[in-house]
There are 2 protein chains.
Amino acid sequence: MQDEVLDVLRERSGPMSAYDVLGQLRQDKLNLAPPTIYRALSSLTNRGKVHRLESLNAFVACQYDDHEHAWIMSICDSCGAVNEIVSPELLNALSGVASESGFLSTRHVIEIYGQCAACRAIEAKA
Amino acid sequence: MQDEVLDVLRERSGPMSAYDVLGQLRQDKLNLAPPTIYRALSSLTNRGKVHRLESLNAFVACQYDDHEHAWIMSICDSCGAVNEIVSPELLNALSGVASESGFLSTRHVIEIYGQCAACRAIEAKA
DNA sequence: AAGCTTTCTGTTATAACATCACGTTAATGG
DNA sequence: CCATTAACGTGATGTTATAACAGAAAGCTT
Ligand SMILES: [Zn+2]
Ligand SMILES: [Zn+2]
Ligand SMILES: [Zn+2]
Ligand SMILES: [Zn+2]
C-alpha cells in the first residue's frame with residue numbers, strides 16, 4: 001500500500017491531499033477507505049519518503065528520497081509547484097534564535113509562499 | 001464578535017481551535033455557529049491581532065498586538081506553550097535561500113517544535 | 001422619512017480532513 | 001501447528017472549515 005501511495009504522489013508533481021490520493025487509488029481498488037491511506041501516508045512520512053505540507057493539509061513525495069533530511073518548502077501561489085530546499089545552516093540559525101529564550105528546537109515546519117521562477121518569467125513577459 | 005473572540009483567546013495562554021473558541025462563547029450565546037467564529041477569526045488574522053498556527057489548525061492572540069509584523073512561532077511539545085519570535089533578519093535569510101532557485105517569497109510559515117525553557121528546567125530537576 | 005447600500009450576523013447544510021474501534025487476514029517464528 | 005504481530009478492511013465517528021442564503025443594523029442619498 002505504501003508503494004502504491006508513493007507512486008501516485010510521484011506521478012503528480014504537486015501536492016495532493018490524502019483524499020486526492022484515495023480518489024486515484026480507488027480507480028483500481030474500489031473499497032479503499034481513508035484509514036488505509038492515512039496509515040500508508042503516516043509510515044511514508046515517518047520514513048522520510050513523503051513530506052507533509054502542514055499549511056495545505058497535503059503531501060508531496062520527497063525530492064531527495066535517498067537520504068533523510070530536514071526540509072524547507074517553497075510553494076508557488078500561482079501554479080502550486082512545491083520545491084524542497086535543504087539548508088542545515090538556516091535551520092541552525094532558526095534554532096539559535098529560538099534558543100535565545102531558552103527553547104530547545106527539535107522539529108521545524110517551514111513553508112514559504114510566493115512565486116516560483118517559472119511563474120515570475122511568465123508574468124514579466126506579459 | 002471579533003472583540004469577544006479576541007478576549008477568549010487572550011484569556012487562554014495557549015492555542016485554541018476555532019471550535020474551542022466556539023465552545024467558550026456558546027456558554028453565553030447559545031446559538032452561535034461555526035461560520036460566525038470563522039468570520040471573526042478571519043478578520044482578526046487579517047488585522048494581525050490573532051495568528052494562525054498552521055500545523056495545529058489553531059489560533060493564538062498576538063503577543064505584540066500594537067504593531068503588525070511577520071512572526072515565527074515556537075511551540076512546546078510538553079506544555080503546549082506558544083511563543084512569538086520576531087526576527088526580520090532570519091526571514092530575510094530565508095527569502096534569500098529561496099531566491100537561489102528564483103523564488104520570490106511573500107509569506108513565511110515558520111513553526112518550531114521542541115521544549116520551552118520552563119519544561120526543560122522541570123525535566124533537568126527530575 | 002423613505003429607499004438604498006454596505007456590513008455584519010444567523011442558520012442550515014455540507015464539504016474536507018482525520019481518526020477510532022474492531023474484526024480479519026496473512027506472514028513470521030517458536 | 002499455534003501464538004504473535006503487522007497490515008488491511010470496514011463502518012462509524014470526530015474535527016476543521018466553508019457554501020449559500022436570509023435577516024438585521026447602520027449609514028448615506030434623495
Ligand atoms: Zn525530502
Ligand atoms: Zn509557479
Ligand atoms: Zn504577533
Ligand atoms: Zn513547555
Side-chain angles (χ1 to χ4, degrees), chain A residues 1-9 11-12 14-62 73 75 77 80 82 107 109-111 113, chain B residues 1-9 11-12 14-62 73 75 77 80 82 107 109-111 113:
Chain A
M1 184 54 29
Q2 291 184 38
D3 292 344
E4 300 181 57
V5 169
L6 189 51
D7 285 346
V8 168
L9 284 170
E11 283 167 20
R12 184 82 55 107
M16 297 180 78
S17 77
Y19 279 76
D20 288 340
V21 175
L22 179 59
Q24 281 298 311
L25 290 176
R26 269 223 254 246
Q27 293 181 358
D28 296 322
K29 319 183 77 171
L30 267 67
N31 345 353
L32 210 52
T36 306
I37 298 299
Y38 279 100
R39 280 191 281 247
L41 285 171
S42 175
S43 303
L44 286 166
T45 52
N46 286 336
R47 293 169 48 209
K49 300 299 184 187
V50 164
H51 303 312
R52 178 183 168 87
L53 299 167
E54 299 287 348
S55 59
L56 288 179
N57 295 331
F59 302 83
V60 286
C62 179
M73 293 295 183
I75 303 165
D77 287 319
V82 170
R107 176 186 166 228
V109 174
I110 310 179
E111 298 172 4
Y113 287 82
Chain B
M1 185 54 29
Q2 292 183 39
D3 293 343
E4 300 181 57
V5 169
L6 188 51
D7 286 346
V8 168
L9 285 170
E11 282 166 21
R12 185 84 54 106
M16 298 180 78
S17 79
Y19 280 77
D20 289 340
V21 176
L22 179 59
Q24 281 299 312
L25 289 177
R26 270 224 254 246
Q27 294 182 356
D28 296 320
K29 318 181 76 170
L30 268 68
N31 343 351
L32 211 51
T36 306
I37 299 299
Y38 278 100
R39 282 191 281 245
L41 286 170
S42 174
S43 302
L44 287 166
T45 53
N46 286 336
R47 293 168 48 209
K49 301 299 182 185
V50 165
H51 302 312
R52 178 185 167 86
L53 298 168
E54 298 288 347
S55 59
L56 289 177
N57 296 329
F59 301 84
V60 287
C62 178
M73 293 294 184
I75 303 164
D77 287 320
V82 170
R107 176 185 166 229
V109 173
I110 311 179
E111 298 172 3
Y113 287 82

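By convention in this document, chain letters (A, B, ...) are assigned in the order of the sequence lines, proteins followed by strands, and residues within each chain are numbered from 1. Note that this is a predicted model, so its numbers are computed, not measured.
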Mind checking which nucleotides bracket the chain A contacts on DNA chain C, 5' to 3', with an atom under 4.0 Å from a heavy atom? C/dC17 to C/dC20
Any pair counted as salt bridge (Lys or Arg N to Asp or Glu O under 4.0 Å), so long as it reaches residues 19-46 of chain A, sequence neighbours left out: A/Glu4-A/Lys29
Residues which pass side chain to side chain donor-acceptor pair (under 3.5 Å) with A/Arg47, listed by chain and number, not counting sequence neighbours: A/Gln2
Below 4.0 angstrom, which residues in residues 23-32 of chain A have at least one non-hydrogen atom near DNA chain D? A/Asn31, A/Leu32
Compare every heavy atom of A/Gly80 with every heavy atom of A/Pro15, then report the nearest pair and how far apart it is. CD-O, 3.5 Å
Among residues at least two apart in sequence or on other chains, which ones pass side chain to side chain contact (heavy atoms under 4.5 Å, CB included) with A/Asp7? none
Residues pairing under salt bridge (Lys or Arg N to Asp or Glu O under 4.0 Å) where one sits in residues 50-60 of chain B, two or more places apart or in two chains, turn out to be B/Arg52-B/Glu54, B/Glu54-B/Arg107
Which atom of A/Leu41 lies closest to which atom of A/Ala18, heavy atoms considered: CD1-CB, 3.7 Å
Show me the donor-acceptor pairs within less than 3.5 Å that the side chains of residues 31-38 of chain B make with the rest of the protein, sequence neighbours left out.
none

Counterpart residues, side chain to side chain donor-acceptor pair (under 3.5 Å), relative to A/Ser42 (two or more places apart): none
The residue, B/Gln2 or B/Asn57, whose nearest nucleotide of DNA chain C is more 5′ is B/Gln2
Rounded to whole angstrom units, what separation is found between the CG atom of A/Leu22 and the C1' atom of D/dG9? 13 Å
Residues passing the side chain to side chain donor-acceptor pair (under 3.5 Å) test with A/Glu111, sequence neighbours excluded, are A/Ser55
Stretch residues 33-52 of chain A: residues that reach within less than 4.0 Å of DNA chain C through a heavy atom: A/Pro34, A/Pro35, A/Tyr38, A/Arg52
Shortest non-hydrogen contact from B/Ala61 toward B/Leu6: CB-CD1, 4.2 Å
